[in-house]
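So that the names make sense, note that chain A is the first sequence line, chain B the second, and so on, each numbered from 1.
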Amino acid sequence: MAVEKTAPAIELINVSRRFLSPTGKSLTAIRDFTMTVGRGEFVAVVGPTGCGKSTTLNLVTGLARPSAGEVRVMGAPVKGIDPRIGFVFQTDALFPWRTVIENVMAGPLFRGKSKAQAQASARDWLARVGLARFEQHYPHQLSGGMRKRVALAQTFINGPEILLMDEPFSALDVQTRVLMHEELLRLWSEAKASVVFVTHDLEEAIALADKVYVLTAGPATVKSVYTIDLPRPRVVADIRYEQSFIDYSRTIWADLKEEVETSYARAAA
Amino acid sequence: MAVEKTAPAIELINVSRRFLSPTGKSLTAIRDFTMTVGRGEFVAVVGPTGCGKSTTLNLVTGLARPSAGEVRVMGAPVKGIDPRIGFVFQTDALFPWRTVIENVMAGPLFRGKSKAQAQASARDWLARVGLARFEQHYPHQLSGGMRKRVALAQTFINGPEILLMDEPFSALDVQTRVLMHEELLRLWSEAKASVVFVTHDLEEAIALADKVYVLTAGPATVKSVYTIDLPRPRVVADIRYEQSFIDYSRTIWADLKEEVETSYARAAA
Amino acid sequence: GATTASAADKISIMVGGYEKQIYLPAKLAEALGYFKDEGLDVELLNEPAGVDAENEMLAGAVQGVVGFYDHCIDLQAKGKFVESVVQFSQAPGEVELVSSKHPEIKSPADFKGMSLGVTGLGSSTNFLTEYLAVKNGLKLGEFTSVPVGAGNTFIAAMQQDKIQAGMTTEPTITRLLKTGEAAVLIDMRTMEGTKAALGGTYPAASLYMQTEWVDAHKDTVQKLANAFVKTLKFINTHSGAEIAEKMPKDYYVGDQEGYVKALDAGKAMFTADGVMPQGGPETVLTVLSAFKKELQGKQIDLSKTYTTEFVKNVK
Amino acid sequence: MTDATVNISTASFRPGTSDAEIEAAAAKAAAHRRHAVIFWRLAILIIFLGLWEIAGRMAWIDPFFYAMPSTIAGRLYEWTTQGTSEGPLWYHLYVTMEESVLGFVTGSVAGIVIGVALGRNRMAADIFSIYIKVINSIPRVVLAPIFIMILGLGLASKVALAFVMVFFVVFHNAFQGVREADRAMIANARILGASDWQLTRSVIVPSAMSWIFASLHVSFGFAIIGAIVGEFVGSRYGIGLLINIAKGSFDAAGMYAAIVIVMVVALGAEYLMTLVESRLAKWRPQPLHETQ
Amino acid sequence: MTDATVNISTASFRPGTSDAEIEAAAAKAAAHRRHAVIFWRLAILIIFLGLWEIAGRMAWIDPFFYAMPSTIAGRLYEWTTQGTSEGPLWYHLYVTMEESVLGFVTGSVAGIVIGVALGRNRMAADIFSIYIKVINSIPRVVLAPIFIMILGLGLASKVALAFVMVFFVVFHNAFQGVREADRAMIANARILGASDWQLTRSVIVPSAMSWIFASLHVSFGFAIIGAIVGEFVGSRYGIGLLINIAKGSFDAAGMYAAIVIVMVVALGAEYLMTLVESRLAKWRPQPLHETQ
Ligand SMILES: Nc1ncnc2c1ncn2[C@@H]1O[C@H](COP(=O)(O)OP(=O)(O)OP(=O)(O)O)[C@@H](O)[C@H]1O
Ligand SMILES: Nc1ncnc2c1ncn2[C@@H]1O[C@H](COP(=O)(O)OP(=O)(O)OP(=O)(O)O)[C@@H](O)[C@H]1O
Ligand SMILES: [Mg+2]
Ligand SMILES: [Mg+2]
């Protein structure tokens, strides 16, 4: 960790990721992808579905390795999984044989906290995501949105320095989403964490982020980067009615529209 | 089916659904729930996360039985699964050992279509959801949004008379979502299908539906029903800027906000 | 399903272990081609596990069994009539060996407190052992018979001193003598030894069949008798080496001269004419009825347990 | 998996039914089901034994080979009251059980440990599993004398035989179970900071649990078989010995009686295992076709 | 599961590497891995045999009981060239294989069918599975003579024995595999209009496949064992017979030679099974700990 105190949190340098497609020839999910996330920076990533967002996050976590290029976290090249990273998966990844609270306690216990401590903070976090009453339920007894919230608590509880989130709020109703936004921003500002936030909700992206990356239709590369300078602290609920906000969303929307159309054109071909 | 030609597509009459919660005592997901969906009607359902939307749909499909009350489809009480119903699940339910196209072909083959026919229409539908190039991929090789689109094709291909959809578009980017909206509306108007559409995106709900049901925080009952009389055919992309649209969304938003807050208050307790 | 050989001369005979010398005549007859000479089509099957063979015969799966005569008595007690048609041996061919770790054992009288190896508790080795001990003035319970099977397990048991003495057959005997791990205490491979030990001849290895089958297929049985008696004559008139010549080599590949030695030492146990030796059945009955509670209080008609009709007709 | 989670979705009630009523109804339904099951189980048993008895008495089958339930029962009674010719029945049973249980425990532990280890390490798996699979094809009856030569006639050799009966079945399932563990879950655990060992303990093993149990269900029966095979080849006590003696004296009833004893014991073991399993599996959703 | 999906994420390249290069590298890595595996497999084999031979020659172990690789090889050579005293080796092998394969096929088919059937029908499962589990604890060595009495000494009785060795293992896994099938998938299939049979065929069985295969891997070994046990209790030909005679005449080399033959055959079967399995499993994602 002591490599360079000043190094950015995440660097992707000309990264490419290829997969063997069933037809045998290789399919490129990401090509020459370059992105830098500074310490304490909040980055939102938007892009057409299937362009390569999740794959990018996987590269940062170390769950997957780039086919080419280099991925650096805190200045050091990624090898294996880095405990300073927190990752909210796009798909459900709770442990079905553990109750809700046991699921949330997993992180702290893995990291050597005492059972008591773990339980205490798990309780706290379950309350924050509004699942205090469901402590003893098993995942399959929860609704989709509830499971997602458990996953959030499971990640937040570890107070990660780097927080990667893959469409974390898409399964939540508008208001719950707002509440979660506030939790997220609190955590972010308290812990000075660096956040990469993948979403399909432009307004969400703009409301939360310092920078919004727009990706091209797969193979993903950075199409354009928008720096959002709306004043902080932001009140997510109201910000969406401000003019500058609306302008941002108009432009990014247009920008993205192009991409999706190209991707469809290609798919059709 | 020939019970009453005029009977509504779906009737839920004072339905309740209870689950045994792990603590042994029973948890009520739905209480005295009453709702009627006419033939060819497009109903959107919004409600706080975890209130009971998916459970409701499960009751209609016949995958689950009510603890009390009665569920009628096309005028006849529900017993077992009804082939006239199509259901887009909230969670991933593709067959991992089948390629994308085989997944989409499943329905027609189950329903006795010839392999050739099935393949043809599967190809057609894959093109419509923009996955023509991924025919031969297996689900685990697809992105979240792509899997969701496969699921949509899988359901649409059967041209169901009743179409139940549980947050079908939440994993898609804004533009892809718009395209899907158009596909959905086309299918709906062509097949004169009756649709129940669960979503967390108010604008989506308003843009698509004839009626929007707002549910109370669990146990779910109908809080209020809004009849949306915006002219059809609607152009989803633009409609969101019309004044009446914005009014609708303001009111429903407020209405929903209340619910979520109560649900949080209760959860905290 | 179960096949009963009809008038056709196709017969299956279950042998309690091809390679065992006590059952030598079975394989030898085949090797010498005597069955063919009699125009018989005999199929020999291998079944070392002993008693299963009888059940299979009674169930009609096979017509004859080459095994110990005492089963004929057992079965009669159970109401099944089986008779020995050709009596191969007049001595059990068993030897009571004493582990060289225990030279103090000089006679069965010294079995007191010892563990004695037998092949199985239901087997004739067990009754013979008990009979010997009791005959030498011990009481049941003053010694224990330990079932150790035959072959390697028997040797292992003796090496591990799990048994201080034990009764077994060839080739185990020769092996243990060769390695000097054991010495012969009582040799029941010969008439004399047997007489000395049991007070009479002890008919053991024999070909027996269900009585009604025999009565129904007299000519077939006659042919069998011819073949086997010829074989017994051959054994009687040839040296161990010559006999070994004729046997499949897999049987002595382990240790050839041991096999031959064993033959020379053991071939005396075989009758020359296949006739049930005088007083033999009585000896067996006394030995068995002394210890087998299934037999106690049962009336056994020995004359129904064997027949010399056929072997007598062999010319 | 089990009756643990009562299924209250079968009955249908008018609105306003109280929870109490609904739970009562649920309990009632479950109880009713249980009774039906027990009834049929018994029915089958009785019919089977009845036919057997009749077939024996009518001499459709020869009781000399196949005995009859009555004679078997008689022999069991005799053994339990007066003991066997080789000493008290309980002692024989005790000996066999000691061998089986030891073999079962060691065998399944080894199977699980090695199975999990190889399941986690692809390279090692490729290298060793081939040997494990091949060794598995050695007839146990052949191993028996070898073990006795090496381990002696005592407990050890029988345990070893039970072990080799159990190990392979458990190994294969544990191994495959590990391979089947959900990738997403593993990924999540790692991200949450699980060490290799923690990962194995709290993700891999739990998700392989149902695999392991599936194999344990067969294994105990196999353990008993192993012990008995060992006793066949040479032993002073044990059910295997009883069977052998019974056969040696054409005592079909005795043989079947011994088998019945083995079965009863196996049944008990099965019951215990199911208990444990249902405790461990209480997190599972009911299979769908049972919730409706 | 398999090497089928080559894992190209291990190497790391400078930007602008062509796909061709990357695929080549991937292929190379895979090949390298394969060679390493083969090397170690052989190494272990050779070391093992070497030690055995030496131990024998040094008389650390008594070759009389344990033979030596050299003598075993000798016996194998002799058998293959001059045949055994009981007829040509191939014929014995043929007989045993015929019995095993028949038993294996019938046993696994029955196991799968009944396992799936009971797995789909909770009530039937509760009623019958108890019997299946109990019967499984009957020692096969005891069954052997009974089968022979009923079925005669021919092929049938041996096949029956192989059958009872295979059936139970396969049954349990098939049964559990069905129980494990994902609820969501079943629900989806039904909604899509699958009839009960279609559901079973195209959802239940595929998702139980890896369970079934896990059991098949052990089962073929068991089938051979069953056949050999049968041959022990009475036979004219077969590997079991060879083993028996070898044992009876202190021919350790012969006994181990026979075992070696069994092993080789089992190996072949294993190989075939793995081929089939990897074809069926080509849809699977690679286990996570192998993709990095
Ligand atoms: N294991 C794999 N094998 C082959 N192709 C894969 C694999 N995983 C992902 N892909 C391909 O990589 C591309 C990007 O996938 P990814 O999941 O990163 O998209 P995404 O941006 O997360 O989409 P979404 O917004 O729908 O989640 C897709 O085209 C997908 O088909
Ligand atoms: N099998 C079950 N056992 C116990 N409780 C359950 C079970 N299934 C659902 N529930 C409870 O029923 C309630 C409603 O669940 P449901 O999935 O219908 O919510 P939802 O409206 O779909 O939420 P979301 O919008 O997040 O999908 C939740 O409180 C959940 O805990
Ligand atoms: Mg994604
Ligand atoms: Mg839901």
Side-chain angles (χ1 to χ4, degrees), chain A residues 19 21-23 27 29 46-55 90-92 99 126-127 129-134 136-138 141-149 166-167 169-179 199-202 218 253 256-257 259-261 263-264 266-269, chain B residues 19 21-23 27 29 46-55 90-92 99 126-127 129-134 136-138 141-149 166-167 169-179 199-202 218 253 256-257 259-261 263-264 266-269:
Chain A
F19 294 99
S21 74
T23 48
L27 176 151
V46 298
T49 147
C51 72
K53 300 181 294 297
S54 302
T55 308
Q90 182 175 14
T91 51
D92 208 349
T99 61
L126 281 178
V129 298
L131 290 175
R133 270 167 60 238
F134 295 91
Q136 295 310 322
H137 279 55
Y138 287 100
Q141 298 175 309
L142 299 180
S143 80
M146 292 162 123
R147 279 200 294 275
K148 202 76 198 178
R149 283 182 279 159
D166 200 344
E167 302 178 28
F169 303 144
S170 59
L172 304 179
D173 62 81
V174 201
Q175 285 78 8
T176 311
R177 195 177 295 192
V178 173
L179 297 171
T199 180
H200 287 311
D201 182 336
L202 287 186
W253 165 285
L256 199 49
K257 194 154 199 277
E259 271 322 301
V260 177
E261 274 151 7
S263 83
Y264 258 78
R266 199 179 307 130
Chain B
F19 295 99
S21 74
T23 48
L27 176 151
V46 298
T49 147
C51 71
K53 301 182 290 299
S54 302
T55 309
Q90 181 174 14
T91 52
D92 208 349
T99 61
L126 281 178
V129 298
L131 291 175
R133 270 167 59 238
F134 294 92
Q136 295 309 322
H137 279 56
Y138 287 101
Q141 298 175 310
L142 299 180
S143 79
M146 292 163 122
R147 279 200 294 274
K148 203 76 199 178
R149 282 181 281 159
D166 200 344
E167 302 177 28
F169 304 144
S170 58
L172 303 178
D173 62 80
V174 202
Q175 286 78 9
T176 311
R177 195 178 294 193
V178 173
L179 297 172
T199 180
H200 288 310
D201 181 335
L202 287 186
W253 165 285
L256 199 50
K257 195 154 199 281
E259 271 321 301
V260 177
E261 274 151 8
S263 83
Y264 258 78
R266 199 178 308 132

**Prompt:** Any luck finding a side-chain donor-acceptor pair between B/Arg147 and A/Thr91 under 3.5 Å?
**Reply:** no

For A/Leu27 and B/His137: C-alpha separation, side-chain torsions, deciding distance, then whether side chain to side chain contact (heavy atoms under 4.5 Å, CB included) applies.
CA-CA 11 Å; A/Leu27 176 151; B/His137 279 56; 3.5 Å; yes

Answer key: most heavy-atom pairs under 4.5 Å with chain A among B/Arg177, B/Lys257, B/Lys53, B/Glu259 is B/Lys257

Cut-off 4.5 Å, heavy atoms of chain B, and the answer for A/Ala171 is both

Using a 3.5 Å distance criterion without hydrogens, assess whether the side chain of A/Gln175 forms a donor-acceptor pair with backbone atoms of B/Trp253. yes

To the nearest 0.5 Å, atom OG1 of B/Thr49 lies from atom CZ of A/Phe169 at 12.5 Å

Separation between CG (B/Asp173) and OG1 (A/Thr199), nearest 0.5 Å, reads 10.5 Å

So, the part of A/Ser143 with a heavy atom under 4.5 Å from chain B: the answer is side chain

Honestly, the part of A/Leu179 sitting under 4.5 Å from a heavy atom of chain B is side chain

Between the OG atom in B/Ser170 and the CG atom in A/Asp201, the distance rounded to the nearest 0.5 Å is 11.5 Å

Of the listed B/Leu142, B/Val129, B/Asp92, the one with the largest count of heavy-atom pairs under 4.5 Å with chain A is B/Val129

